[in-house]
Amino acid sequence: MRYAIISDIHANLEAFLEVLGEIDRSGADGIICLGDIVGYGANPNECVEIIKERQILSLTGNHDKAACGLTEPVDFNTAARRAVLWTRAELTRANREYLRGLPEEGLVDGFMIVHGAPSDPDRYILSEYDAEEEFPLMGENRLCFFGHTHVRVLYSLSGEEEAEVSREEHVRLREGTRYLVNPGSVGQPRDRDPRAAFLIFDDRGEIEFRRVVYPIEAAQRKIIESGLDRFLAERLSLGY
Ligand code: ZN
(Lines give C-alpha, C1' and ligand atoms only; values in the text may rest on other atoms or scores of the structure.)
Protein backbone atom coordinates (compact mmCIF):
# COMPACT_ATOMS: atom_id res chain seq x y z
CA MET A 1 0.00 0.00 0.00
CA ARG A 2 1.10 3.53 -0.77
CA TYR A 3 -0.37 6.26 1.43
CA ALA A 4 -0.28 9.97 0.78
CA ILE A 5 0.07 11.73 4.15
CA ILE A 6 -1.07 15.36 4.23
CA SER A 7 -1.46 17.87 7.08
CA ASP A 8 -2.28 21.48 7.90
CA ILE A 9 -4.26 22.40 4.78
CA HIS A 10 -5.57 25.51 6.56
CA ALA A 11 -8.32 26.33 4.06
CA ASN A 12 -5.81 26.94 1.27
CA LEU A 13 -7.83 25.54 -1.64
CA GLU A 14 -5.23 26.38 -4.30
CA ALA A 15 -2.50 24.42 -2.47
CA PHE A 16 -4.85 21.54 -1.63
CA LEU A 17 -6.01 21.07 -5.25
CA GLU A 18 -2.45 21.08 -6.54
CA VAL A 19 -1.38 18.52 -3.92
CA LEU A 20 -4.35 16.27 -4.73
CA GLY A 21 -3.45 16.39 -8.43
CA GLU A 22 0.10 15.32 -7.61
CA ILE A 23 -1.17 12.56 -5.30
CA ASP A 24 -3.50 11.24 -8.00
CA ARG A 25 -0.65 11.16 -10.51
CA SER A 26 1.55 9.34 -7.98
CA GLY A 27 -0.92 6.44 -7.81
CA ALA A 28 -1.31 6.43 -4.00
CA ASP A 29 -3.90 3.94 -2.68
CA GLY A 30 -5.19 6.18 0.12
CA ILE A 31 -4.93 9.66 1.59
CA ILE A 32 -4.64 10.46 5.29
CA CYS A 33 -4.90 13.98 6.74
CA LEU A 34 -3.37 14.81 10.13
CA GLY A 35 -5.68 17.73 10.89
CA ASP A 36 -6.03 21.51 10.63
CA ILE A 37 -8.18 21.39 7.50
CA VAL A 38 -9.34 24.96 8.25
CA GLY A 39 -8.08 28.16 9.87
CA TYR A 40 -5.92 30.94 8.30
CA GLY A 41 -7.08 30.52 4.67
CA ALA A 42 -10.12 31.75 2.76
CA ASN A 43 -11.80 28.49 1.64
CA PRO A 44 -12.73 26.44 4.73
CA ASN A 45 -16.00 25.00 3.35
CA GLU A 46 -14.45 23.99 0.03
CA CYS A 47 -11.57 22.19 1.75
CA VAL A 48 -13.86 20.33 4.19
CA GLU A 49 -16.12 19.31 1.29
CA ILE A 50 -13.21 17.81 -0.64
CA ILE A 51 -12.18 15.82 2.46
CA LYS A 52 -15.78 14.52 2.74
CA GLU A 53 -16.31 13.80 -0.96
CA ARG A 54 -13.02 11.95 -1.35
CA GLN A 55 -13.59 10.15 1.98
CA ILE A 56 -10.14 11.15 3.20
CA LEU A 57 -9.47 9.81 6.68
CA SER A 58 -8.78 12.95 8.71
CA LEU A 59 -7.90 13.83 12.27
CA THR A 60 -8.98 17.08 13.89
CA GLY A 61 -6.42 19.80 14.64
CA ASN A 62 -6.41 22.66 17.13
CA HIS A 63 -7.76 25.08 14.48
CA ASP A 64 -10.53 22.65 13.47
CA LYS A 65 -11.58 22.22 17.10
CA ALA A 66 -11.74 25.98 17.66
CA ALA A 67 -13.47 26.65 14.31
CA CYS A 68 -16.28 24.18 15.05
CA GLY A 69 -16.73 25.51 18.59
CA LEU A 70 -15.37 22.53 20.54
CA THR A 71 -12.71 24.80 22.06
CA GLU A 72 -12.12 28.54 22.31
CA PRO A 73 -9.00 30.01 20.63
CA VAL A 74 -7.58 31.29 23.92
CA ASP A 75 -3.92 30.41 23.27
CA PHE A 76 -3.95 31.58 19.62
CA ASN A 77 -2.12 34.72 18.45
CA THR A 78 -4.27 37.63 17.26
CA ALA A 79 -4.21 36.81 13.53
CA ALA A 80 -4.92 33.13 14.17
CA ARG A 81 -7.75 33.91 16.60
CA ARG A 82 -9.38 36.36 14.19
CA ALA A 83 -9.08 33.78 11.39
CA VAL A 84 -10.63 31.04 13.53
CA LEU A 85 -13.58 33.25 14.48
CA TRP A 86 -14.02 34.27 10.82
CA THR A 87 -13.94 30.57 9.88
CA ARG A 88 -16.49 29.72 12.57
CA ALA A 89 -18.94 32.23 11.07
CA GLU A 90 -18.20 31.04 7.54
CA LEU A 91 -18.59 27.26 8.02
CA THR A 92 -21.90 25.69 7.05
CA ARG A 93 -23.75 23.83 9.77
CA ALA A 94 -23.01 20.50 8.02
CA ASN A 95 -19.29 21.22 7.80
CA ARG A 96 -19.16 22.38 11.42
CA GLU A 97 -20.82 19.11 12.46
CA TYR A 98 -18.41 17.13 10.30
CA LEU A 99 -15.40 18.76 12.00
CA ARG A 100 -16.92 18.06 15.41
CA GLY A 101 -16.95 14.34 14.62
CA LEU A 102 -13.29 13.96 13.64
CA PRO A 103 -10.97 11.91 15.90
CA GLU A 104 -7.89 13.33 17.63
CA GLU A 105 -5.62 10.38 16.83
CA GLY A 106 -5.71 7.07 15.03
CA LEU A 107 -4.06 3.78 14.18
CA VAL A 108 -3.91 2.74 10.51
CA ASP A 109 -2.44 -0.63 9.48
CA GLY A 110 0.10 -0.58 12.29
CA PHE A 111 1.17 3.05 12.21
CA MET A 112 0.02 5.91 14.44
CA ILE A 113 -1.38 9.24 13.32
CA VAL A 114 -1.62 12.31 15.59
CA HIS A 115 -2.00 16.04 15.01
CA GLY A 116 0.69 17.34 17.38
CA ALA A 117 2.27 14.53 19.41
CA PRO A 118 1.42 11.13 20.92
CA SER A 119 1.40 12.73 24.40
CA ASP A 120 -0.94 15.59 23.48
CA PRO A 121 -2.64 16.57 20.19
CA ASP A 122 -1.77 20.23 20.87
CA ARG A 123 1.94 19.70 21.63
CA TYR A 124 4.59 20.85 19.13
CA ILE A 125 7.46 18.43 18.38
CA LEU A 126 10.14 20.95 17.43
CA SER A 127 13.41 19.10 18.08
CA GLU A 128 14.95 15.67 18.55
CA TYR A 129 14.71 16.35 22.30
CA ASP A 130 10.94 16.74 22.03
CA ALA A 131 10.86 13.58 19.88
CA GLU A 132 12.81 11.60 22.49
CA GLU A 133 10.02 12.26 24.98
CA GLU A 134 7.42 11.02 22.50
CA PHE A 135 9.02 7.78 21.26
CA PRO A 136 8.24 5.86 24.50
CA LEU A 137 4.55 6.74 24.07
CA MET A 138 4.36 4.97 20.70
CA GLY A 139 4.06 1.56 22.37
CA GLU A 140 4.58 -1.27 19.90
CA ASN A 141 4.26 1.05 16.90
CA ARG A 142 7.45 1.82 15.02
CA LEU A 143 6.04 4.66 12.97
CA CYS A 144 4.01 7.74 13.86
CA PHE A 145 3.03 10.59 11.56
CA PHE A 146 2.41 14.03 13.09
CA GLY A 147 1.76 17.58 11.89
CA HIS A 148 1.07 20.87 13.70
CA THR A 149 4.53 22.50 13.30
CA HIS A 150 4.19 22.98 9.50
CA VAL A 151 7.82 21.86 9.10
CA ARG A 152 8.64 18.62 7.33
CA VAL A 153 11.09 16.42 9.24
CA LEU A 154 11.89 12.83 10.17
CA TYR A 155 13.13 11.80 13.62
CA SER A 156 14.47 8.30 14.20
CA LEU A 157 15.46 6.31 17.27
CA SER A 158 17.46 3.07 17.18
CA GLY A 159 17.60 1.05 20.40
CA GLU A 160 18.76 3.10 23.36
CA GLU A 161 20.64 5.67 21.29
CA GLU A 162 19.77 9.37 20.98
CA ALA A 163 17.12 10.44 18.52
CA GLU A 164 18.38 11.66 15.15
CA VAL A 165 16.91 14.21 12.79
CA SER A 166 16.86 13.84 9.01
CA ARG A 167 15.78 16.19 6.23
CA GLU A 168 16.52 13.76 3.39
CA GLU A 169 13.84 13.72 0.69
CA HIS A 170 13.87 9.96 0.32
CA VAL A 171 14.19 7.69 3.36
CA ARG A 172 14.36 3.92 3.53
CA LEU A 173 13.03 2.74 6.91
CA ARG A 174 15.30 0.37 8.87
CA GLU A 175 14.25 -2.63 10.95
CA GLY A 176 14.47 -2.06 14.70
CA THR A 177 14.25 1.72 14.34
CA ARG A 178 11.31 3.88 15.30
CA TYR A 179 10.22 6.99 13.42
CA LEU A 180 8.27 10.18 14.07
CA VAL A 181 7.58 11.84 10.74
CA ASN A 182 6.03 15.18 9.75
CA PRO A 183 5.00 15.66 6.09
CA GLY A 184 5.06 19.47 6.41
CA SER A 185 2.07 21.67 5.63
CA VAL A 186 -0.09 21.73 2.51
CA GLY A 187 -1.49 25.22 3.02
CA GLN A 188 1.01 27.19 5.12
CA PRO A 189 4.58 25.79 5.03
CA ARG A 190 6.93 27.29 7.63
CA ASP A 191 10.30 25.90 6.54
CA ARG A 192 11.16 28.84 4.26
CA ASP A 193 10.02 26.85 1.21
CA PRO A 194 6.64 28.21 0.06
CA ARG A 195 5.78 25.13 -2.01
CA ALA A 196 2.99 22.90 -0.64
CA ALA A 197 4.34 19.87 1.26
CA PHE A 198 3.17 16.27 1.69
CA LEU A 199 4.69 12.79 1.65
CA ILE A 200 4.18 9.37 0.16
CA PHE A 201 4.60 6.41 2.50
CA ASP A 202 5.07 2.98 0.92
CA ASP A 203 4.41 0.37 3.60
CA ARG A 204 7.21 -1.79 2.22
CA GLY A 205 9.40 0.72 4.07
CA GLU A 206 9.90 3.92 2.13
CA ILE A 207 9.05 7.56 2.70
CA GLU A 208 9.29 10.20 0.03
CA PHE A 209 8.82 13.88 0.89
CA ARG A 210 7.26 15.89 -1.94
CA ARG A 211 6.77 19.60 -2.70
CA VAL A 212 4.51 21.19 -5.29
CA VAL A 213 4.28 24.68 -6.70
CA TYR A 214 0.78 26.19 -6.54
CA PRO A 215 -0.80 29.55 -7.44
CA ILE A 216 0.12 31.39 -4.23
CA GLU A 217 -1.08 34.80 -5.49
CA ALA A 218 -4.64 33.50 -5.93
CA ALA A 219 -4.73 32.19 -2.34
CA GLN A 220 -3.24 35.48 -1.07
CA ARG A 221 -5.77 37.61 -2.96
CA LYS A 222 -8.67 35.68 -1.43
CA ILE A 223 -7.25 36.05 2.09
CA ILE A 224 -7.00 39.83 1.66
CA GLU A 225 -10.45 40.12 0.03
CA SER A 226 -11.95 38.15 2.93
CA GLY A 227 -10.71 40.76 5.37
CA LEU A 228 -8.34 38.34 7.10
CA ASP A 229 -5.03 39.62 8.49
CA ARG A 230 -2.67 40.68 5.64
CA PHE A 231 0.20 38.85 7.29
CA LEU A 232 -1.60 35.53 6.67
CA ALA A 233 -1.35 36.27 2.93
CA GLU A 234 2.22 37.58 3.03
CA ARG A 235 3.63 34.62 4.94
CA LEU A 236 2.54 32.21 2.17
CA SER A 237 5.13 33.58 -0.26
CA LEU A 238 7.80 33.57 2.46
CA GLY A 239 7.07 29.97 3.41
CA TYR A 240 6.95 31.05 7.01
ZN1 ZN B 1 -1.69 23.94 11.65
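In each ligand, atom 1 is the first atom listed, and ligand 1 is the first ligand listed. Note that this is a predicted model, so its numbers are computed, not measured.
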Participant: Check for me whether Arg178 meets the cation-pi criterion with Phe135, that is, NZ or CZ under 6.0 Å from the six-membered ring centre and within 45 degrees of the ring axis.
Facilitator: no
Participant: Return the set of protein N, O or S atoms whose distance to the Zn ion (ligand 1) is under 2.8 Å, each given as residue and atom.
Facilitator: Asp8 OD1, His10 NE2, Asp36 OD2, His150 NE2
Participant: Without hydrogens or angle criteria, can the side chains of Asn45 and Glu90 be said to hold a donor-acceptor pair below 3.5 Å?
Facilitator: no
Participant: Quick check: does any side chain N or O of His63 sit under 3.5 Å from a backbone N or O of Ile37, one acting as donor and the other as acceptor?
Facilitator: no
Participant: Transitively linked via ILVMFWY side-chain contacts under 4.5 Å: Ile207 with Val114?
Facilitator: no
Participant: Under a 3.5 Å threshold, yes or no: a donor from one side chain and an acceptor from the other, between Asp122 and Asn62?
Facilitator: no
Participant: Quick check, are the ring centers of Tyr3 and Phe145 under 6.0 angstrom apart?
Facilitator: no
